Amino acid sequence: MVSKVAAGIVVVIVIVVVGAAVYVLTRPPEAYELFYDYQVGEYCVYEITTTTTMNDTPMENISSTYSMKVIAVEDDEITVGYTSTVENIGPPSYEFTIENAEVAMMATMTNKGEMISWEIESVVPSEYWDNVELYENSQMVWSQLFQTIYAFPEEQVSICQEWEKSVEGEIPWGPGMYMTLTGEGSAHLVGQEDVTVEAGTFDCLRIDYDTSVSGELTYDNQMFTMNITLEGTGWYSKKNCAEIRSTRSMVMSTEADNYYRSEYLSETVSELIEYVTV
């Protein structure tokens with residue numbers, strides 16, 4: 001026969017277990033305010049590789065490294081100095097061909113990741129200046145188009161939470177012409193993951209992105225249309241939201257009056273290879 005004491009112990013254990021389960025199931029999820037909590041002097045080095053194809057034909061790959069040093073932090077604005085080493089951009093016949101160039105830039109952004117201003121300070125060798133400027137301006141146009149999604153939200157977010165935003169921006173389409181692209185994007189805070197890169201192992205928050213935009217333009221009695229889908233994942237340090245690793249996949253298709261169509265695909269991976277704190 002089970003004693004009253006033993007039975008009482010069993011009842012207590014059951015109550016404790018059930019109570020713990022109820023707490024786990026009903027407690028509110030942990031919320032995060034995502035922002036770049038950088039300190040002056042922090043220094044990061046990244047390695048970036050991009051593979052591209054045009055109409056199923058492989059193009060020259062792009063490989064580069066860049067360093068980021070925090071110059072100033074004032075209120076919600078961060079000034080950062082970038083130095084990038086570009087090994088190769090474009091095939092030899094391409095207008096923007098750049099080989100083994102070192103570029104120094106200064107940029108100011110909000111602590112949510114929205115770019116405010118940027119300026120090229122130097123290009124070595126100097127004869128690449130015009131090509132670098134064209135390339136960086138092009139990169140900035142695309143960054144500004146999608147920064148609505150890639151920038152951190154103003155409100156706190158919880159694990160498994162998703163947020164959506166409208167995307168709208170202009171891209172150059174010939175001298176003095178611009179195509180307006182509009183669409184929708186979503187971001188999803190997937191969870192926490194340990195990520196190991198060359199710079200070490202980091203406790204990260206993982207965010208998945210998915211965006212689709214399109215636009216059209218009439219030029220010289222022809223209708224041009226463009227459709228872009230962009231998917232990606234970013235892993236950000238829980239300590240200060242520094243990006244540790246990211247992957248992005250873009251498919252861009254253009255068409256002219258339903259008789260000409262081209263498709264451009266790119267896959268980009270960025271990884272932190274050196275990290276110096278203050």
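Below, each value reflects all heavy atoms present in this structure, side chains not excepted, and no hydrogens, waters or symmetry copies. Just so it is clear, the structure is predicted and the values come from calculations on it, not from any experiment.
Between Q156 and A31, the closest heavy-atom pair is OE1-CB, 3.6 Å. The shortest non-hydrogen separation linking P125 to A101 is CD-CA, 4.3 Å. In terms of heavy-atom proximity, A256 sits nearest to Q222 at CB-OE1, 4.1 Å.
Put simply, the side chain of I78 reaches to within 4.5 Å of the side chain of V70, judged on heavy atoms. You'll find the side chain of V103 reaches within 4.5 Å of the side chain of M105, heavy atoms only. Side-chain atoms of F152 and I207, non-hydrogen and from C-beta on, do get closer than 4.5 Å to each other. Side-chain contact between M68 and Y38 is present, with at least one heavy-atom pair separated by less than 4.5 Å.
If you take CD on E77 and CD on E114, they are separated by 11.0 Å, rounding to the nearest 0.5 Å. Annotation: the span from L272 atom CG to E274 atom CD amounts to 8.5 Å, rounded to 0.5 Å. Atoms CD and CG, on E154 and L34 in that order, are 11.0 Å from each other to the nearest 0.5 Å. The structure places CE of M252 at 5.5 Å from CD1 of I228, a figure rounded to the nearest 0.5 Å. Rounding to the nearest 0.5 Å places OG1 of T180 at 4.0 Å from CD of E170. Interatomic distance, OG1 of T108 versus CD of E74, reported as 10.0 Å (0.5 Å rounding).
With ring centers used as reference points, W173 lies 6.0 Å or more from Y219. The distance between the ring centers of Y236 and F202 does not fall below 6.0 angstrom.
Between the side chains of T50 and S266, no donor-acceptor pair of N or O atoms lies under 3.5 Å. In the model, E193 has a side-chain atom that pairs as donor or acceptor with a side-chain atom of W235 under 3.5 Å. For the residue pair S166/E184, the side-chain donor-acceptor check at 3.5 Å is satisfied. In this model, a donor atom of one side chain and an acceptor atom of the other lie less than 3.5 Å apart for S262 and T254. Between the side chains of S249 and E267, at least one donor N or O lies within less than 3.5 Å of an accepting N or O. Remark: the T233 side chain and the D208 side chain contain an N/O donor-acceptor pair separated by less than 3.5 Å.
Between the side chain of N55 and the backbone N or O of E263 there is at least one donor-acceptor pair closer than 3.5 Å. In this structure, the side chain of K69 does not engage the main chain of V80 through any donor-acceptor pair within 3.5 Å. No donor-acceptor pair closer than 3.5 Å links the side chain of T53 to the backbone N or O of T57. Distance alone, capped at 3.5 Å, is enough to place a donor-acceptor pair between the D257 side chain and the M223 backbone. One N or O on the side chain of E42 and one on the backbone of Q39 form a donor-acceptor pair closer than 3.5 Å.
Both the sub-6.0 Å distance and the 45° axial angle are satisfied by R248 relative to the ring of Y150.
The side chain to side chain contact (heavy atoms under 4.5 Å, CB included) with M250 is formed by just one residue from the set L230, T229, T52; it is L230.
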